[in-house]
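The structure under discussion appears below in the form of structure tokens.
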Number of protein chains: 2
Amino acid sequence: MLSVFALGGVFEVGKNMYVVQYGDDIIVIDCGSKFPDETLFGIDLIIPDITYLQENADRIRALIITHGHEDHIGAIPYVLKQLPMPVYGTPLTLGLIRGKLKEHGINHSNDLHLIEPDTEVQLGKLKLSFFRTNHSIPDCVGLAIHTPEGTVVHTGDFKFDLSPVNRQFPDIHKMARIGEEGVLLLLSESTNAERPGFTPSERLVGERIEEAFQRAKNKIFLTTFASNVNRLQQVVEAAALTNRKLVLLGRSMVNVVKVAKELGYLDLPEGMLIEPKEAANLPRERVAVLCTGSQGEPMAALSRLATSTHPLLAVEPGDTVIFASSPIPGNEKNVSNTLNHLYLLGANVIHGGSSATGMHVSGHGSQEELKLMLTLMKPKFFVPIHGEYRMLHQHRFLAESVGVERENIYILRNGDVLDIQNGQASRSRQVTAGNTLVDGFGIGDVGNIVLRDRKHLSEDGILIVVVTLSSQDNELLSDPDVITRGFVYVRESEGLLGEVGRLVTVTVEELQEAGNEWTWSMLKTKIRDSIGSFLYSKTKRRPMILPIIIEV
Amino acid sequence: MLSVFALGGVFEVGKNMYVVQYGDDIIVIDCGSKFPDETLFGIDLIIPDITYLQENADRIRALIITHGHEDHIGAIPYVLKQLPMPVYGTPLTLGLIRGKLKEHGINHSNDLHLIEPDTEVQLGKLKLSFFRTNHSIPDCVGLAIHTPEGTVVHTGDFKFDLSPVNRQFPDIHKMARIGEEGVLLLLSESTNAERPGFTPSERLVGERIEEAFQRAKNKIFLTTFASNVNRLQQVVEAAALTNRKLVLLGRSMVNVVKVAKELGYLDLPEGMLIEPKEAANLPRERVAVLCTGSQGEPMAALSRLATSTHPLLAVEPGDTVIFASSPIPGNEKNVSNTLNHLYLLGANVIHGGSSATGMHVSGHGSQEELKLMLTLMKPKFFVPIHGEYRMLHQHRFLAESVGVERENIYILRNGDVLDIQNGQASRSRQVTAGNTLVDGFGIGDVGNIVLRDRKHLSEDGILIVVVTLSSQDNELLSDPDVITRGFVYVRESEGLLGEVGRLVTVTVEELQEAGNEWTWSMLKTKIRDSIGSFLYSKTKRRPMILPIIIEV
């Protein structure tokens, strides 16, 4: 029996991880992370729950990585620490993974396997082949898994850039061949399923960048995602054409340029790169700066330039700042903040994403490209992947429009298993799937109670009451101590906190006078209730109330 | 001398409050609030710092409210509690203010003054007149303040809707007359200063709504801002045309419809409004629902409908849901979440704002309208207001393009005073201005220290260590108590917390053995340092560490 499911990546954007299992052979595809939203206080990263893989570790033949973006490689260090697997990827993808493993002090170099365009791998009963696609990072692949039940195709992220900057053309002929030989099941990405038309070629961005470089009179600052190596290449070419030296700012920009250059993905003329401090000795019109911060991230290079807190360089009046990017939903405010500061510095700012400036194009195929992929593969069964429900839902309509039977389209949630046997598909089983939260060194050790406490603490702070009782007769040995953090200013609230202390004393005495047996837990509850309603009536706030009883 | 400044509303969006002062006469314009961003943990609302007004209370002649949106009226209850002032507004504006004051238990009805189109008010040496404008709420005005130094015009929010739904035409002739008589200083709003062209008329939205109502086969749910009474009117008309009854869901929708109907701003056919429970007895094609939740607010009616948790009504397959709105930056994720749920319920969803669907138009004038206002008023001095710097900055260029002298344009920060005397302007003074934070009943009692603590608590929680010392010899009377909240799961971290306890004991003993004089504050610092670095090395987290020393 063939079984296919997602451990991450459907009903969400990010955290991609898919599993194809035939009998005793498991292929895992991608191992991504995603960023927590603002309700997950203090959490650094979200990765897939890999319980199923841990329980079936002996069956896992390979982890295939389709490309080097964080939503496809970000969980690798955390997962490999718990569950070593052979990892397969193209040269740039493996280059980025190596850097990540090194940072985490993981030695896995013996089990990293290179995928070349014509690579074929036999793993147990499964044979894997790959096809090149285009995306906003070079060296992307989709894969075909040939199983005795039929062929499963996973596209990875893709667009059809028919005039790619690096001349890594999409391997349409191979896709057509795979389709012609017969595809049982297609898993295809849905990011832009709501966007009509055909995503423009990355080359358009290059033309706009060149024009802007030719018009700019002083320094140029350009920000984009560091991993968009083809865009970096076009910046290099515009800089060369306009006789500018190039400065790199931001850790990920420096890293990616280093890896991409070493592996031959970025062609940098001799002597073009200079150190930030050398820029000071050049005329302003000879300098271009490639920097991080396209999403307004507060600690990134461009944000520090915008607030004049970058130690090495400054944006001056008349400089040009180019956002070769669109704000990702959720980042609009940070980007806007950066823009305000740049205008205050007197910069000419070019921003606004694709429609306004042509300085950005998506890395994902729009509706016509998704239909082209479906047409090339002409699958019997179809599962839209990578996206929230609204995107998967639209992708279903696209699949129907090119002739996939409606009843053969399955929208799966993470953990929903699609079983296929003798050409019949069924969805009735689930495996464990979910979010594993990373906080510092802790993987999965922060859950709902800790998060609920953090939320509570963030809203109204904490009030701690220490009650010291005599072990002989349970009498109060001193006035209760009242300590707060994040609730009110102590200096201005001495009266209020004094009243809290007296109320605690009264509560303890009442309990003692009632004469009945009482427990510490009863006392704590009584303190929480009386202080809680007192404080709410006075402040309309509900701090966490933590009674501590010390018996001496 | 004439002095003009903002106490809120520039270098930000929201919290509008402007002051015009001539000698001993002060006019305050608007009294708005804004919502806190996610860095202001637990804060309910931000209002202007009114220190200046409190210090000059005897000079204040009036608070003029230009219209009834929260960024213009939201701070009124908080400000009036501290500083009673005569309040002037148009009928709908006063209607909304009355509701707000009632909620806060404030009786101010003797000092609410009606503005009619031809109202003129003499206040000290100042004469005020008003002109009607259009916006996304009815009954908006701009005002002209005639001072011995010259006339100051404040536009309020405006667009030029030349075919307004309610036939409240913009009073262009009066604006022209004011301009012709001479305007010394114009304060004009900048919200859409970055948007080229002319904002479409609200009527266009009505046409789209009518089409959608005619096409819809089952129930219709339409969400928009409740205060957009003209849009509500168009929904009423579409419902009447397609023979549907109307259900209102959401507190602000019910409130605004009530006030607008009573005051004659909303024309509702007899018997059109029905209760939610009556809808169950009607065929689905006879029902339209007007509901809150256009920004995906988790507790709003549409969000509860989307998650099938609304107690009264349900979205069923084939129902139509219309977002007559655009997501405000920052709300994209919440809106997207609502969309996912609505699609899962099988609804036909119409969303995407103005460009995609025509279901929304802005309430603010675009560049050509801002230029039209500048042209009508032809001011000597110009101060762009309402907006972040990027918008004020663009508005400056627009003013220059219609002939305002560059050196006569002032971009002010909140508190920057523009003084004008004998036709000469200067900017050299500041008055107190800033954010006053509202948290529960507290106005301005939460500041940086409390917020910093809330942020710290939200990230890694708190660890409390109680050390009980003998008052005789400072010996430890028992093992330290270690309590955490929001840091780690206690049950899974017993080992870790045990080590913390032992480390505290060691720290106390070391201090005692050193033999020198020591203070509690030294002990606390030592505990914080040793536990802090221990926990970071083990968990890479930095909880707040709170040592409590009890002497018995």
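The shown structure was predicted, so the numbers you read here are calculated from the model rather than taken from an experiment. Below, chain A is the first sequence line, B the second, and so on; all start at residue 1. Below, each value reflects all heavy atoms present in this structure, side chains not excepted, and no hydrogens, waters or symmetry copies.
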Within-4.5 Å side-chain heavy-atom neighbours: D439(A) and D460(B):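 With C-beta onward as the side chain, the pair touches.
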Euclidean distance, L344(A) CG relative to Y389(B) OH, rounded to 0.5 Å: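 CG of L344(A) is found 4.5 Å from OH of Y389(B).
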Straight-line distance of M391(A) CE to Y343(B) OH, nearest 0.5 Å: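 Spacing of CE (M391(A)) from OH (Y343(B)) equals 10.5 Å.
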What part of [X] lies closer than 4.5 angstrom to a heavy atom of chain A: side chain, backbone, both or neither?
| X | answer |
| --- | --- |
| I550(B) | side chain |
| I411(B) | neither |
| L342(B) | neither |
| D481(B) | side chain |

Between [X] and chain B, with a heavy-atom cut-off of 4.5 Å, which part of the residue counts as in contact: side chain, backbone, both or neither?
| X | value |
| --- | --- |
| T338(A) | neither |
| S336(A) | both |
| E194(A) | side chain |
| K333(A) | side chain |
| F487(A) | backbone |
| L40(A) | neither |
| I483(A) | side chain |
| L451(A) | neither |
| Q394(A) | side chain |

Chain A contacts, top residue of [options] (heavy-atom pairs, under 4.5 Å):
| options | value |
| --- | --- |
| S458(B), G330(B), G440(B) | S458(B) |
| L477(B), L457(B), D453(B) | L457(B) |
| V349(B), V552(B), N337(B) | V552(B) |
| H341(B), H456(B), E551(B), K538(B) | K538(B) |

Pair V488(B)-V446(A), side chain to side chain contact (heavy atoms under 4.5 Å, CB included): steps then yes or no: CA-CA 6 Å; V488(B) 288; V446(A) 168; over 6 Å; no
Contacts of residues 467-474 of chain A with chain B (heavy atom under 4.5 Å):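 Counting heavy atoms that sit under 4.5 Å from chain B, the residues of residues 467-474 of chain A involved are T468(A).
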Most chain B-contacting option - heavy-atom pairs closer than 4.5 Å, from E38(A), R542(A), K455(A), H393(A):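 When all of E38(A), R542(A), K455(A), H393(A) are compared, H393(A) has the most.
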Greatest number of heavy atom pairs closer than 4.5 Å to chain B - which of G486(A), G461(A), S478(A):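 Result: the option with the highest number of such pairs is G486(A).
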Crowding at [atom1], [X] (>12 non-hydrogen neighbours, <6.0 Å):
| X | atom1 | result |
| --- | --- | --- |
| F11(A) | CZ | yes |
| K540(A) | NZ | no |
| F35(B) | CZ | no |

Lys/Arg-Asp/Glu bridge criterion (N-O < 4.0 Å) met for R541(B), D44(A):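 No, this pair does not count.
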Considering all heavy atoms, the nearest F441(A)-Y536(B) contact: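 Distance-wise, the nearest heavy atoms are CE1-O, 4.1 Å.
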Under 3.5 Å donor-acceptor, N340(A) side chain and R390(B) backbone: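 Between the backbone of R390(B) and the side chain of N340(A) there is a qualifying donor-acceptor contact (under 3.5 Å).
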Sole residue of R452(A), R454(A), M544(A) in side chain to side chain contact (heavy atoms under 4.5 Å, CB included) with R485(B):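 When side chain to side chain contact (heavy atoms under 4.5 Å, CB included) is applied between R485(B) and each of R452(A), R454(A), M544(A), only M544(A) qualifies.
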